[in-house]
Amino acid sequence: MDFLLSIVKPDFSIFTKMDYIHVENFDSIEDILEEKMKLIHETKDYSFINYSDEYQKDYSSNIFVDYSYYNKDLNYSFEYKKSNNKIYSFITI
């Protein structure tokens with residue numbers, strides 16, 4: 001992410017959901033979140049954050065760019081579990 005952000009900084013960003021792309025490069029879900037949140041921190045104008053994702057919601061107090069939540073009125077959340085060095089996500093309704 002550091003390399004990409006050295007080339008361009010987004011005007012807007014949308015954080016859809018924590019996911020496990022390239023998970024082998026990270027030790028924990030928190031490490032993945034920290035890396036992905038770099039995009040939000042480098043956003044110039046405005047970010048949209050998924051309220052249904054607990055990690056994003058909890059981390060939002062550390063965001064210093066203008067942002068708003070989406071999915072705020074929906075009654076579901078994501079759950080993450082690590083097993084055999086793989087991290088799985090589940091939607092809880």
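Note that the structure is predicted; figures quoted are calculated from it, not measured.
The OG1 atom of Thr43 sits 10.0 Å away from the NZ atom of Lys9 when rounded to the nearest 0.5 Å. Expressed to the nearest 0.5 Å, how far NE2 of His41 lies from NZ of Lys36 amounts to 14.5 Å. To the nearest 0.5 angstrom, Ile40 atom CD1 is 11.5 Å from Tyr46 atom OH.
Surrounding CD1 of Ile14 are at most 12 heavy atoms belonging to other residues, nucleotides or ligands under 6.0 Å away.
Proximity of Asp45 to Pro10: side-chain heavy atoms (C-beta onward) are nowhere separated by under 4.5 Å. A 4.5 Å side-chain heavy-atom check between Ser47 and Asp66 finds every atom pair outside the cut-off. Looking only at side-chain heavy atoms (C-beta outward), Asn50 and Phe15 stay at 4.5 Å or farther from each other.
Residues satisfying the salt bridge (Lys or Arg N to Asp or Glu O under 4.0 Å) test with Asp11, not counting sequence neighbours, are Lys44. Listed by chain and number, the residues in a side chain to side chain donor-acceptor pair (under 3.5 Å) with Glu34 amount to none (sequence neighbours excluded). With sequence neighbours left out, Asp2 forms a side chain to side chain donor-acceptor pair (under 3.5 Å) with Lys38.
A single hydrophobic cluster is seen to contain both Ile49 and Leu33, as judged by linkage of ILVMFWY side chains at heavy-atom distances under 4.5 Å, directly or through other members.
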